[in-house]
**Student:** 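Sharing a structure, written as structure tokens. Questions coming.
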Amino acid sequence: MKKGRILVGIVFLFFTMVLTVTPCMAAKEKVDPIVLGVALPMGHLGGWGCEKGMRLAVEEINAKGGVNVAGVRRPFKLEVLDTRDLEPGVPISEGLLAVEKLILDKRVDFLVGGPERSEGALAALDLISKFKKVHIQSGGCLSPAYTKKIAENYDKYKYCFRITGDVMELMGDMIKTLEIIRTQQKLDRVFIMVQDVAHARAAGDIVKSGLEKKGWSIVGHEKWPTGASDFSTGLFKAKEAKAQILFSWFDMPESSVMVKQWYDMKLPMLPIGYIDPSLDPNFWKASKGNCAYLVGSCYPKAGAIGTAALPWSGKFVTSYEKKYGIMPEGQWAATGYMGPYVLADAIERAKTVDSEAVIAALEKIDMAGVWGRTKFDPRSHQLISSDDPEQGAVACWAQWIDGKKLAVFPPKIASQQLTLPPWMK
Amino acid sequence: MNLFVYGVVNSITLVLIALGFTLVYGVSRLPNFAHGALYILTGFVTWTFLHKLGINYTAAVFLALIFTGLVGAAIYQLLLVRVRGMPDSEIMVSFAIGVAIMESLRWKGFVGSSFVLSPFIEGTVNLWNVPIDLQRIFIVVEGLVVVALLWLFTHQTKIGLALRAIAQDEHAAMMLGIDSDLMAVLALALGSSLAGVAAIAILPLSNITVDAGYNVLIYAIAVCIVGGLGSWVGVLIAAFVLGFGQILTAAYIAPHYQMVVTLFVIILTLIVRPSGFMGRQKEIEERV
């Protein structure tokens with residue numbers, strides 16, 4: 001009888017435990033992910049590179065248990081939609097529809113990524129702010145108007161932050177870089193060749209006026225139509241003008257022809273600036289090494305090229321190569337990678353996913369990044385830039401040497417010194 | 001001298017681009033607005049044969065040209081034949097096919113800088129002290145050979161003579177037993193393959209991009225309008241006018257006015273001589 005009572009007691013205890021523990025386990029399994037909406041031009045190197053960076057970051061964060069939201073570990077989940085905003089002829093409304101769908105249909109908690117085209121990102125500001133979603137602009141849009149709009153109407157647009165960069169800062173860095181080259185290599189005659197599109201024309205004009213003020217000789221300034229596939233006349237002019245630097249700013253794939261013609265003609269000048277095909281890790285192979293000595297890989301924020309001065313950049317590049325079998329692609333792989341990390345840091349400190357609290361946490365962020373120090377301007381929500389990774393996020397210019405891209409500017413993060421083509425000596 | 005050398009290369013490039021378009025229009029009176037799409041399709045197909053299927057370069061090129069020719073024939077047989085004789089519909093249908101081909105390629109991931117064909121001949125030479133890569137010289141040689149072969153084909157072979165007969169007077173040719181539809185299919189296939197021949201020579205200079213298809217179509221139309229739609233001699237003259245016009249514009253005015261000059265020449269032609277330099281048949285029609 002006594003044994004029977006003990007047995008009943010044990011069974012009762014067992015069922016009590018099972019009934020108590022099971023809901024707890026179920027509750028643990030039922031933790032909702034934090035959904036990140038990603039709107040990017042997926043048919044463009046800058047889009048898929050950024051998305052791959054994000055996917056890697058999300059995997060790493062989730063592998064560590066997810067984001068600690070007031071003691072509850074919640075994983076990140078990505079919802080990706082194609083904005084097509086870098087394809088010719090595609091209206092900006094396509095990108096806005098993607099953002100709207102992410103918010104209303106996919107019910108995302110936060111937004112990261114683009115749209116990448118400045119016009120699209122600027123138009124999306126109103127939409128994102130209307131729904132009070134925190135957005136980290138982590139691909140494209142270098143227009144100064146973006147952060148100016150936020151600063152001028154903070155209460156309305158405070159939901160948006162940008163980690164990609166500002167073209168005015170970037171051009172300032174470009175001029176500083178050219179000044180270093182003048183000091184080190186004694187080169188001061190520049191021929192400017194840019195694409196005939198708004199951002200490239202502006203880049204050419206800013207560099208021209210900036211260098212003229214510093215006493216450089218601008219021996220030519222040309223704008224080339226999109227789709228041009230023969231740059232010989234411009235290159236011959238540069239040669240006749242005895243140019244030593246060929247400053248170039250092109251986002252069209254055909255600009256690889258200019259690089260090839262410069263290499264084939266062995267023109268005694270150093271091409272430097274932004275040449276979009278050079279951001280493709282396959283460019284060396286595709287150009288059969290004709291891009292050697294080109295300083296055309298411009299990263300508004302460093303990290304996509306591993307350097308000893310930025311320890312996290314080395315780890316990022318290694319992880320990216322391990323996962324995708326290729327070097328980080330395009331300009332926005334590193335910024336895409338940092339987007340979820342920046343957000344995770346802010347959410348953990350805010351201890352909630354509430355937009356207002358996360359905004360306050362983002363404004364106070366101070367963490368290391370693949371680019372150096374991460375801090376936002378509290379009014380414009382622009383990632384603070386610097387030449388020194390201890391002070392802020394640095395830009396990076398890389399040079400193709402022996403099939404590898406090596407960081408050569410700014411000096412504080414450079415892997416090695418700039419190498420001039422042998423036919424320039 | 002560099003202007004002359006690169007002017008000739010640019011002009012022959014335009015000849016190659018426009019030959020297929022003018023052949024199709026000359027024979028079948030069909031404006032093939034899918035011409036640019038067939039151009040880049042050849043490039044991507046060659047690249048796929050080469051890099052995905054591991055076929056050697058020469059075989060990949062021949063297979064790609066045959067493939068493009070078959071696509072051209074299919075476009076006529078399946079779609080254009082239904083709207084033949086309705087000029088507006090012909091333009092809309094062929095343009096729609098072109099857009100569908102190009103955007104499908106983009107959709108299937110043919111974007112980025114990785115799509116490159118190797119030059120047939122590597123290296124650089126100095127022509128009259130002007131450095132020029134051998135692939136550009138290859139383009140000039142290929143252009144001249146293609147024009148010569150096309151002339152022989154249309155003047156010395158039965159099929160070529162039949163094509164010319166259709167071009168001159170379709171009804172009279174049909175009374176002599178020439179099948180108009182068959183000739184149109186052949187013209188489309190040959191024209192498409194010619195677009196492919198141009199692609200194979202020109203694309204190794206750069207990356208293969210979908211957007212190049214749109215540019216090629218614009219240049220082909222420009223050359224044909226200025227030279228006279230359907231006139232091969234006109235194509236040669238117009239290509240040299242536009243080719244040198246572009247190079248001289250880049251050298252003496254500004255490179256970004258190259259397209260403006262091209263469009264200006266088109267407008268001027270349409271005002272002064274709407275049938276183009278050598279568009280004799282159209283000129284007669286206009287007079288009537």
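Note: hydrogens, waters and symmetry copies are ignored here, and every other heavy atom, side chains too, is used. Residue numbering restarts at 1 for every chain, and letters A, B, ... go by the order of the sequence lines.
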**Student:** Would you mind checking which part of A/Asp264 comes under 4.5 Å of any heavy atom in chain B, side chain (CB onward), backbone (N, CA, C, O), both or neither?
**Tutor:**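 The answer is both parts of A/Asp264.
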**Student:** Does CZ belonging to B/Phe244 count more than 12 external heavy atoms closer than 6.0 Å?
**Tutor:**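 Yes, because the 6.0 Å sphere around CZ of B/Phe244 holds more than 12 heavy atoms from other groups.
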**Student:** Could you look at B/Asn215 and say if it's the side chain, the backbone, both or neither that has a heavy atom under 4.5 Å from chain A?
**Tutor:**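 Just the side chain, heavy atoms under 4.5 Å.
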**Student:** Answer yes or no: does atom CH2 of B/Trp107 have more than 12 heavy-atom neighbours from other residues, nucleotides or ligands under 6.0 Å?
**Tutor:** no
**Student:** Could you go step by step and tell me if A/Asp230 and B/Tyr6 meet the side chain to side chain contact (heavy atoms under 4.5 Å, CB included) rule?
**Tutor:** CA-CA 9 Å; A/Asp230 177 17; B/Tyr6 280 91; 3.6 Å; yes
**Student:** Can you confirm whether more than 12 heavy atoms, excluding those of A/Lys323, are under 6.0 Å from its NZ atom?
**Tutor:**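 Yes, NZ of A/Lys323 has more than 12 neighbouring heavy atoms, counting only those of other groups under 6.0 Å.
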**Student:** Please indicate whether A/Lys266 has more than 12 foreign heavy atoms, meaning atoms of other residues, nucleotides or ligands, lying under 6.0 Å from its NZ.
**Tutor:** yes
**Student:** Please step through side chain to side chain contact (heavy atoms under 4.5 Å, CB included) for the pair B/Thr209 and A/Glu254, ending with a clear verdict.
**Tutor:** CA-CA 9 Å; B/Thr209 61; A/Glu254 293 85 353; 3.6 Å; yes
**Student:** Within this structure, what is the CG-CG distance for the pair B/Asn2 and A/Leu235, rounded to the nearest 0.5 Å?
**Tutor:**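 Output value for this atom pair is 10.5 Å.
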**Student:** Is it the backbone or the side chain of B/Ile247 that comes under 4.5 Å from a heavy atom of chain A, or both, or neither?
**Tutor:** both
**Student:** For B/Phe95, does the CZ atom have more than 12 heavy-atom neighbours from other residues, nucleotides or ligands under 6.0 Å away?
**Tutor:**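 Counting neighbours around CZ of B/Phe95, 12 or fewer heavy atoms of other residues, nucleotides or ligands fall under 6.0 Å, so no.
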**Student:** Once rounded to the nearest 0.5 Å, what's the spacing between atom CE of A/Met265 and atom CD1 of B/Ile132?
**Tutor:** 8.0 Å
**Student:** Tell me, for B/Ile202 versus chain A, whether the close heavy atoms (under 4.5 Å) come from the side chain, the backbone, both or neither.
**Tutor:** neither
**Student:** Select, from A/Ser256, A/Ser278, A/Gly330, A/Gly234, the one with the greatest count of heavy-atom pairs under 4.5 Å involving chain B.
**Tutor:** A/Ser256
**Student:** Out of curiosity, B/Asn207 CG to A/Ser229 OG, how far, rounded to the nearest 0.5 Å?
**Tutor:**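 It is 11.0 Å, given to the nearest 0.5 Å.
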**Student:** Need one label for A/Lys288: side chain, backbone, both or neither, based on atoms under 4.5 Å from any heavy atom in chain B.
**Tutor:** side chain
**Student:** Counting only heavy atoms not in B/Asn129, do more than 12 fall under 6.0 Å of its CG?
**Tutor:** no
**Student:** With a 4.5 angstrom heavy-atom cut-off, which part of B/Val116 approaches chain A: side chain, backbone, both or neither?
**Tutor:**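 When you check distances to chain A, only side chain atoms of B/Val116 fall under 4.5 Å.
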**Student:** Taking all atoms of both residues into account, what is the closest heavy-atom pair of B/Val111 and A/Gly43, and its distance?
**Tutor:** CG2-O, 3.1 Å
**Student:** Indicate yes or no for a side-chain donor-acceptor contact from A/Lys260 to the backbone of B/Ser206 under 3.5 Å, with no hydrogens or angles considered.
**Tutor:**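 The answer is no, because no donor-acceptor pair under 3.5 Å joins these two groups.
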**Student:** Is it true that, when you exclude B/Asn56 itself, more than 12 heavy atoms of the residues, nucleotides or ligands shown sit nearer than 6.0 Å to its CG?
**Tutor:**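 Enclosed: over 12 neighbouring heavy atoms sit under 6.0 Å from CG of B/Asn56.
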**Student:** Tell me, side chain or backbone of A/Gln261 under 4.5 Å from chain B's heavy atoms, or both, or neither?
**Tutor:**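 The side chain, not the backbone.
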**Student:** Mind checking whether B/Pro131 and A/Phe236 have side chains closer than 4.5 Å, heavy atoms only?
**Tutor:**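 Side chain of B/Pro131 against side chain of A/Phe236, heavy atoms only: contact under 4.5 Å found.
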**Student:** Heavy-atom count around B/Tyr57 OH within 6.0 Å, excluding the residue itself: above 12?
**Tutor:**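 Counting neighbours around OH of B/Tyr57, more than 12 heavy atoms of other residues, nucleotides or ligands fall under 6.0 Å, so yes.
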**Student:** Is it the side chain or the backbone of A/Lys237 that comes within 4.5 Å of chain B heavy atoms, both, or neither?
**Tutor:** side chain
**Student:** Would you mind checking which part of B/Glu122 comes under 4.5 Å of any heavy atom in chain A, side chain (CB onward), backbone (N, CA, C, O), both or neither?
**Tutor:** side chain
**Student:** Looking at every non-hydrogen atom in both residues, tell me the closest pair between B/Pro255 and A/Glu222 and how far apart they are.
**Tutor:**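 For B/Pro255 and A/Glu222, the tightest heavy-atom pair comes out as CG-OE1, 3.5 Å.
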